[in-house]
Each structure stands twice: as structure tokens, then as C-alpha cells.
Asker: 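Next up is a structure, given as C-alpha cells.
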Amino acid sequence: MQQDYDPQKIETEAQSIWAKNKTFKALEDSTKEKFYCLEMFPYPSGKLHMGHVRNYTIGDVISRYQRMLGKNVLHPMGWDGFGLPAENAAIQHKTAPAAWTDQNIATMRLQLQRLGFGYDWDRELTTCDPSYYKWEQWFFTKLYERGLVYKKEAEVNWDPIDQTVLANEQVIDGRGWRSGALVEKKKIPQWFIKITEYADELLSSLDDLDGWPDSVKTMQRNWIGKSVGADVTFVSTHGDLEVFTTRPDTLMGVTYLAVAADHPLAIAAAESSQAIAQFREQCQQTSTAEADLETMEKVGISLGMHATHPITGEDIPIWCANFVLMSYGTGAVMAVPAHDQRDFEFANKYQIAIKSVIKPEDEKADIGDGAFTDQGILINSGDFDGLSSDQAKQQITQWLVSNSLGRQQVNYRLRDWGVSRQRYWGCPIPMVYDKLGEASPARDFPVELPRDVVMDGVGSPIKKMRSFIDTVHPETGLEAQRETDTFDTFFESSWYYARFCCADLDTAMLDERANHWLPVDQYVGGIEHAVMHLLYARFFHKLMRDVGLLDSDEPFVKLLTQGMVTAETYHRVDQAGKLEFFNPVDVTLELDEKGSPKRATLNSDGSEVAIGGVEKMSKSKNNGVDPQGMIDRYGADTVRLFTMFAAPPDQSLEWNDDAIAGASRFLRRVYAFFYKNESTLKSTPLEQISDIDLSGLDDSCQQSVKEMRLLTHTIVKRVLRDYERQQFNTVVAAAMELTNAMEKAKWGDMQELATPVMAEAACVLLKMLAPVSPHLCEFLWEQFAEENVELNGSWLVLDESALVQDQITYVVQINGKLRAKLSVAASANNAEIEEMAKAEENVSRFLSDLTVRKVIVVPKKLVNIVAN
RNA sequence: GCCGGGAUGGCGGAACUGGUAGACGCGCCGGAUUCAAAAUCCGGUUCCUUCGGGAGUGUCGGUUCGAUUCCGACUCUCGGUACCA
């Protein structure tokens, strides 16, 4: 053993042994309990950033911990290969997205290996590889056969200069990020999958996901947004309007109807009105993002049309409003300004009547300004007056049903999944069109995406590539054209977890191995995926089950949502209005006296850049911090330890690497302890003590042995709990405390027991730290443990007898304020403890001019004396 | 806007089921070692203080013998918001 800790040497040796022995290869073995641990696979964006390191270290710590518990662990890794950044990079660097992606995967794979993550690399998969995506093409056609796929028109962001569809994140303040052009909404035909048919199951089976955080389940419930209400028909000479409402009890308070700008009624009205046509055009120039739609100013225009109120028969004016969307429900809503805040504001703005039909149950309640949106008692509602909201909902709906003017209806916020993307770098949608434009599913897979293309920034290259487009019809054999849209990349990430079970399979999408490993026992990933990715993956799992590929109902038993790693963003806007982002490492930040950021300048030329705020590390904001420099300087074990120590896994973390030197210092101290005590530790097996006899030893010996063992096992107890609750920062803190204690322990006083007690502490330290910093721990284990005894062979064992204390420290409070500490024999009863507390010098001083009213004794903790 | 989180010393964070607020680490201060520095080691480090003590976990209020922890209202902040992944 050399004197200095050399992480680079230790780590490369350990990694080559793992690679040679295929230590992490997972085989289906029914004699051992299986454990499938999975982290969300990365988009190959270039290099790893600290968000990846955190995510994958958490997963690796859990995997190695489970392995030490004796389970058969599957821990795979792969690449979410398709996506938008590859196209942007290809345009910028004049390469093909495929080449850029391959390059990034090679770089990032090396980084993952250098970090020592224990993956079964034989199962590696890449979603942009035809051997992967051909199965989702096949699967899509199965869904098509089952009637779960359909085509309809949907809006996209259209950049009229670049002649291309933009993603929401590429639209900044209503303009295209590259061209600066005002973005327009455009309707194009797109493929949809009927996720709404599974809405009820996706909602109800959330109740069974005990291993998921409540916050994620709540977000998914709210996203699905099941609401019970009524469809109501408003008859009109221009065409009947059907609207959905969750508040049929307020039906008598309807004072106008509002339709979307694209509603047939609005289109018809625009033909005879310049103003309405202009208004419709204005509505074309808004964003498609919900956040924008909800926060924009609510505007509208009267269509000059009327519909008949189903109950009163009154004329109700029809308006066109920018907040009603054609894609939600029927594209028309009924407005009750007295009882809905948005309707209220709109009515006030355009001087539309407001009719109050619900009063609070409590007469005295202050309804204040604005709409009264609570439930209550009906008024001004004719025959329905006096009913409660709940009664009225039923009775009004019933009235509508019996008059054929409506029905009870369940509505979901969840919309069908639009899977078409007008992009090149994605999985081709396996459909072909005949001469009449009729679509049929392809029969041969993969429908391969040409890799050798040039990106010019104007549309997708395959949209004008005859060799790709022209094909023969799978049924008729006649000339046909391929679909040139590609899948949403959430498609690939919705089933990769299943494919890892049988990544080498080339005759089917999945085989029986999927049922062996699934469901995933532990899934680890960023909280930003709480709804969309996790909902799509749950949906896909149920689809795969219903197609007969799987037995289980849910993909992920336990979910750990890792908090975001965030960092400051810096950007500059050029003359064309384009945004350019700069990496934090290339920027110098000046702080004001309070320590908040004042000014940021670019290191290269000293020019000022704007401080954009703290955001999650991402390619698009260029604020990802590359761990490579830290790995080179301190080694993987230090980077892993530091990342785990920085914060608990589920908490978000603003990146700051000031403290990494401390993590490195700690591992050097661990190494130094073994080096210093080499001969002692080599003279005995590195194991926990199963039986200890203190009789016949002197007091100071007994005491120092008891102290060290009390501390060791206090830490064992904490660590057992912390691994179970996945709070790894306190595991690291506990390892530091144990190391501190080992350095300070009175080994000399322990006489012949020094060796087994030290061996026990050393054993505990290496085992508890092994999942976090495995290279060093395995190295030290190799050096000091008995031959054929593996570090991973067993887990920590708590010795309750080591925790028994004969003296307990009590805290004495007076009126809740700490006044003294008291060492009490463990055998003392409450009355004795109370007397001792009152007798304590500082306590009696405080009590001298007070009357004791009450004394609370909390066993083994404290005494609180209430006095005045 | 809506949905879900978060806020504790100079900084990252700890505190089990309502029971000593600040574990562990960073930084800083002092000391040892060194020709000197780095590294390392030892000690101190919430704030105020008349050195008795007092205040203190985003803000305001409540429950309790006792609240970082439970309840109500709010502020700021992060994530998502259906074409970033």
C-alpha cells in the first residue's frame, strides 16, 4: 500500500476489473430476488452535466446497495437518441444529426464509464438505431389496427421565414428564435393516439402506486383532470352549439356564449364582417402554449348572432373569444359572469349582462367584488330556486335530458396524444398514402430514416427526398408515398425500460424476459418529468399489456424524483433578435455588497452579458456544468461523494463546486487511516463483532470500547435508516463522523480489544461508503479483508446491545427554555428525574421566585418545568 | 393564469412521531508545522449582549407546557403547463 491516495490509479484498475469480470452483467436468475433499477436515460447532448452525474450517482448508489442486500440487480443504460438539439447542431456545424449524435454518445459513454457506474453495458440501446425503433413502428401499426390511432388537424407554430414548424421553446416573445419572424398558428393534419380512452385507468391506478411521491400522483391526477358535468345544447338558427359545463347549477345565469376563433360560426360571421375577420386573424398570431394563452389579455368580439337558452328560451348573444380553443371540447363555452371570474371580467369589459343565480348558504358571507364562484343556494332560477348547488346540478341536468337538450357528461382535461412531428431527426411514422391520400400502415420494418442528409434549416430533408417518399402500397402494390412526419420523441422514451430486458432480441419487440424483470423496482429521474414522460410511459405499459406483450399494469413500482440541478444562465440578444447563451464557466460574475449578482462579463472579450436567472441545466440554455475537470482533478469517487453530500436527492440544487475539495480531503483521510493502521488492521479479519466479553478488563478499557462501539452502532442505525429512506447526504455525513471518531478513539486504552473494535469500525465504514465511493472501498477491502470474503457479500448488522447506555443526558427546560443538562442513571424513574432537575444549581436559581405549575418529563429526552 | 415543490448561520445542508435549532462539510478567524508557501494537524465560528441573558428556521397570525415540524393567510423562488428533454 503506497502512502498517498491516488484515485486515478485505484479507479482505472477497479474499472478494468469490473469490465473484465463483467461484474454488472445481469442474468435472469430465479433463485435470487430480482431488483430492476433504472435511471432516466440521457439525451446525448454533448457531454455529461452535473444533473446527469447526480441522477446516475443516485441510481448507482441504490443499485450497489441492493446488490449488497443480496439481490440480483439489473441496472442498464442507453440513449434517447432522437431529438431537436441534434437538428440545431447539424444546421450550426453543417453535419448530419446522426454523426453528431453518435459522437456525443461515444463521449458520454466514456464519461459514464469513468464515473464507475455499474451498468450492464451488454444491454445498451440507442433509440435512433433502426433495431430499436422498428419495434415501435410495428407497435404503432398494432395500435392502428386496434382503432387507437387517428388523424386530425391540429395547430402548430409556423415560422413564415424559415418555412418550418417551431417547438414552443423556439418561440420567444411571439417570434421565431432563429429568424425573428412573427410566428403564426397553422393547422396541419397530424396523427393522434387515444390516450383519453385510458384516462380512467391512468387515473384510478395511481391509487395503487404506493412507491410514488404524492406530489407526482397529484400532478398526474390534475393533469388528467376528470370532471363530471353536463353537455348543454343551445339551439341557434346558425347551427346548434353544444357546450360542456361542470356547473349546470349556474345554467340560469348564462348571459353569453363564446366560441373559438376557428369555430364554424366565427368563420361564417367573418365572411360578412371585416372586424370579425380581422379579429380572427389577430387570434392566429398567438402562441399555442397554455401558459401564454392563460395569461394573455382576454379579448373578444360579438358575432351578432344569438342562440336560445334551453330553459328560459331567451336570446343569448354569441361572442368569439381568444381564450376559447377549438382543440378543447367543442370549441364553445357557456359564460356565467356572476359565478366565474374570467367570465365576469370579460362581461365587465364588454358590458355584457351579469345575472346572479347562486347565493351563499351563509347569508352573512361577504361575497365581495367579482364573481361568487363557490357552491350555494339557487336564486333567480325559476322552478329551481331554493335548491342547493348539488341538487340543482342533478335536477337541471335531468330537465335537459328529458327535453333532449343535454346530458350528463364526464370530461377530461387530458387530450389525445398528438404524436406527429414535422421534423427529420425522429422515428418515421410507418404509414403510407395511396394516390387518393388514403392512409394505410406500413408492413415492413424498419421504415428506415436516411442518415446521410444535409440540414439547411428549412424543413425536414426527408420531406423532399423522393428515394424516401416513393414506395409501393403494402396492400395493392401500386405507387404510394410515405408519411414524412416523425414521432414525438416521447414515443421512444415510453417503452425503453421494457426493451432493456431483452435489448438483443431481433424477432420481437419483447419476450418473456420482460415479464421476469418488470415492473422496474426503482425508477430515478428528474421531477421535470413528473407528468408527461411518466404518464406516457404508464400509458404505453398498459397498451403493451393489452397487445399481449406484458402481464403487469404499471411500469414503475417505486419512483424517486430527483431535484433539478440548476445554474445561472447568461445570454445576449443580437441585432436580429436572436438569443445566444453563454456557459457559466465562460462568464465572470461580479457581486454587490449583499452578495447578489450585479454584473456579468464574458471572459473571452470582457463584454457584458445579461443574467438570465437560475434554471435547470440544459443544452438550450448552455448552463450545464461539465464534470470532466473535477473527475480529472479529484477522481470519480470524490465527484460521486460530493454530489451525494451536497443535498438530499429530491431537493433542487443550485450548482456550486466550492466544497469539492472537502470531499476529496475526506477520502484522503479514510485512505490515510488505513495506511496508518495497516499492521493492526491486517492482523485481524475486517468484520463486525458478533460477541464481545468485557469481563476482567479495567474501567478505562471497558469505557473506551463501549464508547467506540456505541458510536459505531449509532451510526449503523442511522445509516440503515438513511439508505432505506434514500437520504444519501446524511449517509456521507455519518461516514465523516465515524472517520472523525476513528481518528480520535483511545485505541491504546482498549488493550487487546483495540484490534477487533477497530476492524469493526473499519468494516462498517467501508460497507456504508461502498455504494457511494466504490473504487476506494473495494481497493481497501482487497488490501485488508480476508481472501474470498467480498465487500458486497453482506450488509451492515446492527448490534442493539452496543446502544445500551447506563447514563442518559436529560435536557432541563423552564417554560421551554434550556437551563441545564443532567446526566441521569437509565434506571431512574420520573419522580427521581424531576427532583434531580429541580435540584440542579442553575435550575433552582431560576425557580427561586417562581411557582412551579407543572412538570413534563419526556422519557430519555427532557424535563420541562412550567412555572410563573 | 393553473398544477406541484422549496425557503433554516457568510454558503451547502442536519434535526426520527411536536421535545437541546444549526449535525456533517465549505468558507472565515486563531494556532502548530515550514526559511516561506502549499498540503496537513489542533482550536474557534447563528446574531445581539451590560456576559445575567435575550433574539432567532421567508412574512403575519393560530394551536401547544413546548413548533423548523401541525393549522390559516401571504411573499419570494424553482419545476411543469401538452412540439426542449
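Naming convention: chains lettered A, B, ... in sequence-line order (proteins, then strands); numbering from 1 in each chain. Only heavy atoms go into these numbers, but all of them, side chains included; no hydrogens, no water, no symmetry mates.
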Asker: Could you give the distance separating B:C48 and B:C11 at their P atoms, to the nearest angstrom?
Answerer: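 15 Å, rounded to whole Å.
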
Asker: What is the base-pairing partner of B:A32, counting Watson-Crick and G-U wobble geometry with both distances under 3.5 Å?
Answerer: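 Checking every strand shown, B:A32 finds its partner in B:U40, with both distances under 3.5 Å.
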
Asker: Does anything in residues 732-743 of chain A reach RNA chain B, meaning a heavy atom under 4.0 Å, and if so which residues?
Answerer: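 Nucleic-acid contacts, sorted: A:Ala733, A:Met736, A:Glu737, A:Asn740.
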
Asker: Can you see if the side chain of A:Arg665 gets near the phosphate of B:U40 - specifically, an N or O under 4.0 Å from OP1 or OP2?
Answerer: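 So the side chain of A:Arg665 is within the cut-off, an N or O lying under 4.0 Å from OP1 or OP2 of B:U40.
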
Asker: Think A:Arg668 forms a cation-pi with A:Tyr5, using NZ or CZ under 6.0 Å from the six-ring centre and within 45 degrees of its axis?
Answerer: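 Pair A:Arg668/A:Tyr5 does not count as cation-pi.
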
Asker: With a 3.5 angstrom cut-off on both distances, give the Watson-Crick or G-U wobble partner of B:G27, or none if there isn't one.
Answerer: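 B:U45 is the nucleotide pairing with B:G27.
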
Asker: Touch check for A:Val531, heavy atoms < 4.0 angstrom, all strands: base, sugar-phosphate only, or nothing?
Answerer: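 Counting heavy atoms under 4.0 Å across all strands, no contact is made by A:Val531.
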
Asker: Between B:A14, B:C65, B:A21, spot the one nearest the side chain of A:Leu818, thanks.
Answerer: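 Nearest to the side-chain atoms of A:Leu818, counting from C-beta on, is B:A21.
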
Asker: Any strand is fair game: report the nucleotide pairing with B:U63 by Watson-Crick or G-U wobble, both distances under 3.5 Å, or none.
Answerer: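 Across any shown strand, B:U63 pairs with none.
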
Asker: From C-beta outward on A:Glu528, which listed nucleotide comes closest to its side chain: B:C41, B:G80, B:G19?
Answerer: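 So the side chain of A:Glu528 is nearest to B:G80.
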
Asker: So, is A:Lys616 close to the B:G80 phosphate, meaning a side-chain N or O under 4.0 Å from OP1 or OP2?
Answerer: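 A:Lys616 to B:G80 OP1/OP2: side-chain N or O found under 4.0 Å.
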
Asker: Counting side-chain heavy atoms from C-beta on, which of B:A82, B:G4, B:G13 comes nearest to A:Asn729?
Answerer: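 Among B:A82, B:G4, B:G13, the one nearest the side chain of A:Asn729 is B:G13.
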
Asker: Nearest of B:A14, B:A85, B:U81 to any side-chain atom of A:Thr730?
Answerer: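 Given the options B:A14, B:A85, B:U81, the side chain of A:Thr730 is closest to B:A14.
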
Asker: Name the nucleic acid region contacted by A:Ala661, choosing base, sugar-phosphate or nothing; use a 4.0 angstrom heavy-atom cut-off, strictly under.
Answerer: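 No contact.
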
Asker: Give a yes or no answer on whether the side chain of A:Lys226 reaches the backbone of A:Asn222 with a donor-acceptor pair at less than 3.5 Å.
Answerer: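 Pair absent, no side-chain N/O of A:Lys226 close to backbone of A:Asn222.
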
Asker: State whether A:Phe192 and A:Lys152 meet the cation-pi test: NZ (Lys) or CZ (Arg) under 6.0 Å from the six-membered ring centroid, and within 45° of the perpendicular axis.
Answerer: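 Ring-cation test returns yes.
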
Asker: I want to know whether A:Trp655 and A:Phe642 have ring centres closer than 6.0 Å.
Answerer: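 So the answer is yes for these two rings.
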
Asker: B:G9 and B:U69: how far apart are their P atoms, nearest whole angstrom?
Answerer: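 Rounded to whole Å, the distance is 15 Å.
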
Asker: Going by the glycosidic torsion and a 90 degree boundary from 0, is the base of B:G66 oriented syn or anti?
Answerer: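 That one's anti.
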
Asker: Would you mind pulling out the nucleotide paired to B:G6, Watson-Crick or G-U wobble, both distances under 3.5 Å?
Answerer: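 WC or wobble partner is B:C76.
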
Asker: Where do A:Asp416 and A:Thr196 land on the side chain to side chain donor-acceptor pair (under 3.5 Å) test, with the steps shown first?
Answerer: CA-CA 6 Å; A:Asp416 277 338; A:Thr196 50; 2.7 Å; yes

Asker: So does A:Gln727 get a side-chain nitrogen or oxygen closer than 4.0 Å to the phosphate oxygens (OP1/OP2) of B:A15?
Answerer: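 Yes, such a contact exists.
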
Asker: What nucleotide, of B:G1, B:G19, B:G79, holds the atom closest to the side chain of A:Gln813?
Answerer: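 Ranking B:G1, B:G19, B:G79 by closest atom to the A:Gln813 side chain puts B:G19 first.
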
Asker: Please give, in whole Å, the distance from B:A15 C1' to A:Leu862 CG?
Answerer: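 So the CG-C1' distance, A:Leu862 to B:A15, works out to 14 Å.
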
Asker: Select one nucleotide: of B:C16, B:G80, B:G1, the one nearest the side-chain heavy atoms of A:Ala291.
Answerer: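 Of the options given, the side chain of A:Ala291 lies nearest B:G1.
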
Asker: Within the 4.0 Å heavy-atom criterion, would you say A:Phe846 contacts the bases, only the backbone, or no part of the nucleic acid?
Answerer: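 Sugar-phosphate: the residue A:Phe846, judged by heavy atoms under 4.0 Å, touches backbone atoms but no base.
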
Asker: Of the listed nucleotides (B:C3, B:G1, B:U81), which one gets closest to any side-chain atom of A:Met532?
Answerer: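 The nucleotide sitting nearest to the side chain is B:U81.
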
Asker: So what does A:Arg721 hit on the nucleic acid, given a heavy-atom distance under 4.0 Å: a base, only sugar-phosphate, or nothing?
Answerer: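 If one applies the 4.0 Å heavy-atom cut-off, A:Arg721 turns out to touch the sugar-phosphate alone, with no base involved.
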
Asker: Can you confirm if the aromatic rings of A:Tyr496 and A:Phe41 lie within a centre distance of less than 6.0 Å?
Answerer: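 Under 6.0 Å, so yes.
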
Asker: So does A:Arg421 get a side-chain nitrogen or oxygen closer than 4.0 Å to the phosphate oxygens (OP1/OP2) of B:A85?
Answerer: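 No, no such contact exists.
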
Asker: Can you tell me the base-pairing partner of B:G52? Count Watson-Crick or G-U wobble geometry only, both distances below 3.5 Å, and say none if there is no partner.
Answerer: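 Matched B:G52 with nothing under the 3.5 Å cut-off.
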
Asker: Where the side chain of A:Thr218 is concerned, which of B:G4, B:G25, B:A21 is the nearest nucleotide?
Answerer: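 Shortest atom-to-atom distance from the side chain points to B:G4.
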
Asker: What's the closest nucleotide to the A:Glu615 side chain, out of B:A85, B:U81, B:G79?
Answerer: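 That would be B:G79.
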
Asker: P atom, B:C60 versus B:U68: distance in rounded Å?
Answerer: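 Pairwise P distance, B:C60 against B:U68, rounds to 14 Å.
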
Asker: Could you check how far CE of A:Met296 sits from P of B:C2, rounded to whole Å?
Answerer: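 One finds 16 Å between P of B:C2 and CE of A:Met296, rounded.
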
Asker: Let's go through A:Tyr133 and A:Phe82 carefully: what are the C-alpha distance in whole Å and the side-chain angles of both, what is the deciding distance for ring pair (Phe, Tyr, Trp, His ring centres under 6.0 Å) to 0.1 Å, and is it a yes or a no?
Answerer: CA-CA 10 Å; A:Tyr133 67 68; A:Phe82 283 130; 5.6 Å; yes

Asker: Taking the P atom of each, how far is B:U33 from B:C28, in whole Å?
Answerer: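 Per the computed distance, 22 Å lies between those P atoms.
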
Asker: Go ahead and name the base partner of B:G1; Watson-Crick or wobble counts if both distances stay under 3.5 Å, otherwise write none.
Answerer: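 B:U81 - that is the nucleotide pairing with B:G1, both distances being under 3.5 Å.
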
Asker: Picking from B:C65, B:U20, B:A85, which would you name as closest to the side chain of A:Val811?
Answerer: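 Among the listed nucleotides, the one closest to the side chain of A:Val811 is B:U20.
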
Asker: Between B:U20 and A:Lys861, counting only base atoms on the nucleotide and side-chain atoms on the residue, is there a donor-acceptor pair under 3.5 Å?
Answerer: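 Checked by distance alone, the answer is no.
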
Asker: B:G6 phosphate, OP1 or OP2: any side-chain N/O from A:Ser652 under 4.0 angstrom?
Answerer: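 No.
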
Asker: Between A:Tyr43 (OH) and B:C84 (C1'), how many Å, whole number?
Answerer: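 Between C1' of B:C84 and OH of A:Tyr43: 10 Å.
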
Asker: Under 4.0 Å, counting only non-hydrogen atoms across every strand here, what does A:His533 touch: a base, just sugar-phosphate, or nothing?
Answerer: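 Here A:His533 touches no strand at all.
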
Asker: Begin with the C-alpha distance, continue with both residues' side-chain angles, and end with the deciding distance and a verdict on side-chain contact (heavy atoms from CB on, under 4.5 Å) for A:His533 and A:Glu528.
Answerer: CA-CA 9 Å; A:His533 161 63; A:Glu528 72 271 28; over 6 Å; no

Asker: Kindly say whether, by distance alone, the side chain of A:Asn864 makes a donor-acceptor pair under 3.5 Å with the base of B:C65?
Answerer: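 Answer is yes: a donor-acceptor pair is held.
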
Asker: For a quick test of reading the model: is some side-chain N or O of A:Gln651 closer than 4.0 Å to OP1 or OP2 of B:G5?
Answerer: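 Result: no.
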
Asker: In this structure, which one of A:Phe490, A:Trp495, A:Tyr497 forms a ring pair (Phe, Tyr, Trp, His ring centres under 6.0 Å) with A:Tyr536?
Answerer: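 When A:Phe490, A:Trp495, A:Tyr497 are each tested with A:Tyr536, the ring pair (Phe, Tyr, Trp, His ring centres under 6.0 Å) holds only for A:Phe490.
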
Asker: Do the two ring centres, one from A:Phe323 and one from A:Phe346, sit under 6.0 Å apart?
Answerer: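 Yes.
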
Asker: Taking only the side-chain nitrogens and oxygens of A:Asn168, find out if one of them lies under 4.0 Å from OP1 or OP2 of B:A82.
Answerer: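 Looking at the OP1 and OP2 atoms of B:A82, one of them is under 4.0 Å from a side-chain N or O of A:Asn168.
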
Asker: Hey, does A:Val216 reach any base, or is it just sugar-phosphate, or nothing, if we go heavy atoms under 4.0 Å?
Answerer: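 No contact at all - A:Val216 keeps every heavy atom at 4.0 Å or more from the nucleic acid.
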
Asker: Side-chain N or O of A:Arg668 versus OP1/OP2 of B:U40: is the shortest distance under 4.0 Å?
Answerer: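 Checking B:U40 against A:Arg668, a side-chain N or O does come within under 4.0 Å of OP1 or OP2.
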
Asker: Please lay out, stage by stage, how A:Phe491 and A:Phe540 fare under the test ring pair (Phe, Tyr, Trp, His ring centres under 6.0 Å).
Answerer: CA-CA 9 Å; A:Phe491 223 76; A:Phe540 241 80; 5.1 Å; yes

Asker: Distance check, P atoms only: B:A67 and B:G62, in whole angstrom units.
Answerer: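 Per the computed distance, 12 Å lies between those P atoms.
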
Asker: Using a 90° cut-off around 0 for syn, call B:G22 syn or anti.
Answerer: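 This nucleotide is in anti.
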
Asker: Between B:G13 and B:U40, how far apart are the two P atoms, rounded to whole Å?
Answerer: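 Their P atoms lie roughly 24 Å apart.
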
